[in-house]
Enquirer: 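Take a look at the following structure, please.
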Amino acid sequence: MSLPSTYHAFIDWIGDGTGLPDTILHIHAGMAVLLVARILSGRSLGTFIPLSFVALAEGANEIMDRLEFGSWRWADTLSDIGNTLFWPTVICIAIRIRPMVVKSA
């Protein structure tokens, strides 16, 4: 079994195990990667570092899909990218626009 096939089987297993549709799984995955990247990098969610991790993870996911299916499925690919990146991007932009204010005691 090839790496793309193994990866796709794992993703199917997650979807089957949770009962969640692919759309919701992409939203959750984007947020999970964002938070893990925030913890591992130690950088604020307002920097582009955690968001970059999300973009790289989603890019790798779509490349694995491409390798598994043999061609780009553009409607699915664009939907996956949008669902994965939407909330992490909103959070990053919101924090950059309105940074947390630290009150002195």
Side-chain angles (χ1 to χ4, degrees):
M1 193 178 226
S2 69
L3 180 61
S5 295
T6 302
Y7 177 78
H8 189 67
F10 177 65
I11 297 302
D12 285 344
W13 176 77
I14 292 171
D16 293 343
T18 62
L20 295 172
D22 186 57
T23 301
I24 301 299
L25 292 174
H26 274 275
I27 294 167
H28 287 304
M31 293 300 294
V33 171
L34 182 72
L35 294 177
V36 169
R38 161 60 180 103
I39 291 166
L40 293 178
S41 71
R43 303 298 297 267
S44 165
L45 292 175
T47 67
F48 291 112
I49 302 298
L51 182 61
S52 297
F53 276 83
V54 177
L56 288 171
E58 177 54 20
N61 176 66
E62 294 308 319
I63 289 169
M64 293 299 270
D65 281 355
R66 165 68 170 86
L67 293 172
E68 175 64 15
F69 299 116
S71 65
W72 292 110
R73 302 177 310 162
W74 286 110
D76 181 63
T77 298
L78 295 175
S79 173
D80 290 352
I81 291 169
N83 286 319
T84 304
L85 293 176
F86 180 77
W87 285 113
T89 302
V90 168
I91 290 168
C92 179
I93 291 170
I95 292 173
R96 289 184 73 79
I97 290 172
R98 180 80 171 132
M100 186 169 69
V101 177
V102 178
K103 295 181 181 181
S104 59

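As the structure is a computational prediction, the values presented were derived from the model and not from experiment.
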Enquirer: Look at atom CZ of Phe10 and say whether more than 12 heavy atoms of other residues, nucleotides or ligands are closer to it than 6.0 Å.
Expert: no
Enquirer: For Leu25 versus Gly15, what's the shortest heavy-atom pair and its separation?
Expert: CD1-CA, 3.6 Å
Enquirer: Calculate, to the nearest 0.5 Å, the distance between atoms CD1 and CG belonging to Ile91 and Leu35 respectively.
Expert: 7.0 Å
Enquirer: Has Arg43 got a side-chain atom pairing as donor or acceptor with Arg38's backbone, closer than 3.5 angstrom?
Expert: no
Enquirer: Check the hydrophobic clustering (I, L, V, M, F, W, Y; side-chain heavy atoms under 4.5 Å; chains of links allowed) and say if Phe86 and Val36 are grouped together.
Expert: no
Enquirer: In Å and rounded to the nearest 0.5 Å, what is the OG1 to NE2 distance from Thr84 to His26?
Expert: 5.0 Å
Enquirer: If two hydrophobic side chains count as joined below 4.5 Å and joins carry through other members, does Ile95 share a cluster with Leu40?
Expert: no
Enquirer: If Ile, Leu, Val, Met, Phe, Trp and Tyr residues are connected whenever their side-chain heavy atoms lie under 4.5 Å apart, and connections chain through other members, are Leu78 and Trp72 in the same group?
Expert: yes
Enquirer: Measure the shortest side-chain to side-chain distance between Leu45 and Leu34 over non-hydrogen atoms and say whether it is less than 4.5 angstrom.
Expert: yes
Enquirer: Look up atom CG in Leu20 and atom NE2 in His28, then write down how far apart they are to the nearest 0.5 Å.
Expert: 5.5 Å
Enquirer: Do you know the tightest heavy-atom contact between Arg96 and Thr47?
Expert: NH1-CA, 4.0 Å
Enquirer: If I compare all heavy atoms of Asn61 with all of Tyr7, which pair ends up nearest, and what's the gap?
Expert: OD1-OH, 2.6 Å
Enquirer: If you look at every heavy atom in Ala37 and Pro50, which pair is closest and at what distance?
Expert: CB-CA, 3.8 Å
Enquirer: How long is the straight-line distance from CD1 of Ile27 back to CG of Leu85, given to the nearest 0.5 Å?
Expert: 11.5 Å
Enquirer: Closest approach of Asp65 and His8, non-hydrogen atoms and distance?
Expert: OD1-ND1, 4.3 Å
Enquirer: Is there a path from Ile14 to Met31 through hydrophobic residues (I, L, V, M, F, W, Y) whose side chains come within less than 4.5 Å of each other?
Expert: yes
Enquirer: Within the distance-only criterion (no hydrogens, no angle test), does the side chain of Ser79 pair as donor or acceptor with the backbone N or O of Ala75 below 3.5 angstrom?
Expert: no
Enquirer: Honestly curious: do Ile49 and Val90 fall in one hydrophobic cluster under the side-chain, below-4.5 Å linking rule?
Expert: yes
